[in-house]
Amino acid sequence: EAALRDFATYRSLQEELRQHARTWNFLDSGIFRFRTLVEARELAALLATGCPDPGRAVLGLLELLGNAVEHGNLQISYEDKSQHSESGQLDAEIERRLSLPEVANTLVKVAFGRQKECVQITVTDQGLGFVWQSYLTLDENRAFVSHGRGIAMAKILSFDTIE
């Protein structure tokens with residue numbers, strides 16, 4: 001189910017990429033701020049069009065921006081996400097946490113910079129942080145879980161480096 005959902009998301013994002021492509025010729029740098037997963041999806045499609053290979057970048061951007069909301073600003077742990085995903089309540093939990101007063105003003109900041117030789121995208125959330133490096137590779141313990149592969153997928157499929 002997760003693979004089918006990911007593929008449907010990927011196809012939808014590909015269409016959004018085509019809609020944003022030409023505008024990026026005018027931008028060398030920019031700062032973006034967003035709060036929700038819907039906004040993360042829209043921004044991922046937009047930012048990908050500023051990359052040399054938008055089709056390659058879009059899924060990784062979606063994963064990293066989504067992580068910034070879920071695991072960063074909303075402090076949803078891996079275990080929390082497992083529990084809420086299994087019960088079918090993840091979307092409701094995300095909405096519940098977004099409505100909490102203590103996160104009402106939290107934003108994810110994304111800096112985009114393009115130079116001749118590279119594009120650099122920096123994602124900064126307001127969460128406490130977590131050891132993301134352990135998610136850079138695909139782990140057999142997470143192979144049959146509906147989540148926990150986003151950072152590895154971003155590294156493998158979308159970006160030359162993740163720091």
Side-chain angles (χ1 to χ4, degrees), residues 1-14 16-17 20 30-51 57-113 119-159 161-163:
E1 288 179 20
L4 290 172
R5 189 175 55 249
D6 289 347
F7 182 72
T9 298
Y10 176 77
R11 294 287 302 255
S12 176
L13 288 169
Q14 292 297 318
E16 290 179 40
L17 288 177
H20 298 294
I31 302 291
F32 302 86
R33 289 181 174 76
F34 69 95
R35 186 165 184 274
T36 69
L37 291 177
V38 170
E39 293 167 342
R41 179 189 169 107
E42 292 170 358
L43 185 56
L46 179 66
L47 288 170
T49 60
C51 296
V58 68
L59 184 59
L61 285 166
L62 180 63
E63 292 293 342
L64 297 179
L65 298 182
N67 276 346
V69 173
E70 291 177 356
H71 304 299
N73 289 353
L74 299 182
Q75 296 296 297
I76 297 173
S77 68
Y78 180 87
E79 293 77 19
D80 290 342
K81 190 167 181 177
S82 294
Q83 176 187 356
H84 293 298
S85 294
E86 288 173 19
S87 68
Q89 296 299 310
L90 181 59
D91 291 341
E93 179 63 11
I94 289 169
E95 289 304 314
R96 184 190 75 76
R97 290 188 188 208
L98 281 169
S99 70
L100 294 173
E102 58 267 27
V103 297
N105 296 315
T106 59
L107 296 170
V108 177
K109 177 181 163 185
V110 180
F112 173 89
V119 169
Q120 181 173 339
I121 298 171
T122 304
V123 180
T124 308
D125 63 54
Q126 295 179 283
L128 300 174
F130 66 100
V131 182
W132 58 270
Q133 293 87 343
S134 63
Y135 293 91
L136 280 170
T137 58
L138 295 174
D139 183 330
E140 64 184 44
N141 296 325
R142 294 189 304 267
F144 298 105
V145 181
S146 64
H147 64 97
R149 296 177 297 275
I151 295 172
M153 288 174 44
K155 180 181 179 271
I156 294 166
L157 301 175
S158 298
F159 304 117
T161 61
I162 294 181
E163 300 174 5

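Taking OG1 from Thr122 and CG from Leu64, the interatomic distance works out to 11.5 Å, rounded to the nearest 0.5 Å. Atom CZ of Phe7 and atom OG of Ser12 lie 11.5 Å apart (nearest 0.5 Å). The CD1 atom of Ile156 lies 11.0 Å from the CG atom of Leu59; values are rounded to the nearest 0.5 Å. Taking CD of Gln83 as the reference point, atom CD of Gln89 lies at 10.5 Å (rounded to 0.5 Å). Leu62 contributes atom CG, which lies 10.5 Å from atom CG of Leu43 (distance to the nearest 0.5 angstrom). Taking CD of Gln120 as the start and CZ of Phe112 as the end, the distance is 10.5 Å to the nearest 0.5 Å.
Counting only heavy atoms from C-beta outward, the side chains of Tyr135 and Asn67 never approach each other to under 4.5 Å. Taking 4.5 Å as the limit, every side-chain heavy atom of Val69 sits out of range of all side-chain heavy atoms of Asp125. Using a 4.5 Å heavy-atom cutoff, the side chains of Asp91 and Glu93 are not in contact. Side-chain contact check for Glu163 versus Thr161: some heavy-atom pair is nearer than 4.5 Å. Looking at heavy atoms from C-beta onward, Lys81 lies in side-chain contact with His71 at the 4.5 angstrom threshold. Phe32 places none of its side-chain heavy atoms less than 4.5 Å from the side chain of Val108.
Note on Arg97 versus Asp80: salt bridge recorded, some NZ/NE/NH1/NH2 to OD/OE distance being below 4.0 Å.
The salt bridge (charged side-chain N to carboxylate O under 4.0 Å, His left out) check on Glu63 picks up nothing, with sequence neighbours excluded. Legend: residues meeting side-chain hydrogen bond (donor to acceptor under 3.5 Å, both in side chains) with Arg35, ordered by chain and number and at least two apart, are absent. Residues forming a ring-ring contact (aromatic ring centres under 6.0 Å, His included) with Phe159 (at least two apart in sequence, or on another chain): none.
Across all their heavy atoms, Leu90 and Ser85 have their closest contact at CD2-OG, 3.6 Å. Residues Val58 and Ala45 share a closest heavy-atom pair of CG2-CA, 4.1 Å. Among all heavy-atom pairs drawn from Asn73 and Gly127, the shortest one is OD1-N, 3.6 Å. Between Ala44 and Leu61, the shortest heavy-atom contact is O-CD1, 3.8 Å.
No donor-acceptor distance shorter than 3.5 angstrom exists from the side chain of Ser158 to the backbone of Lys155, with no hydrogens or angles considered. Using modelled atom types, one side-chain atom of Gln126 and one backbone atom of Leu107 make a donor-acceptor pair closer than 3.5 Å. A donor-acceptor distance shorter than 3.5 angstrom exists from the side chain of Thr9 to the backbone of Arg5, with no hydrogens or angles considered. With Ser87 contributing its side chain and His84 its backbone, the two residues share a donor-acceptor pair below 3.5 Å.
Defined by atom type and a distance below 3.5 Å, a donor-acceptor pair is missing between the side-chain atoms of Thr36 and Arg41.
Looking at Leu37, Ile121, Val110 one by one, the single match for side-chain contact (heavy atoms from CB on, under 4.5 Å) with Leu65 turns out to be Val110.
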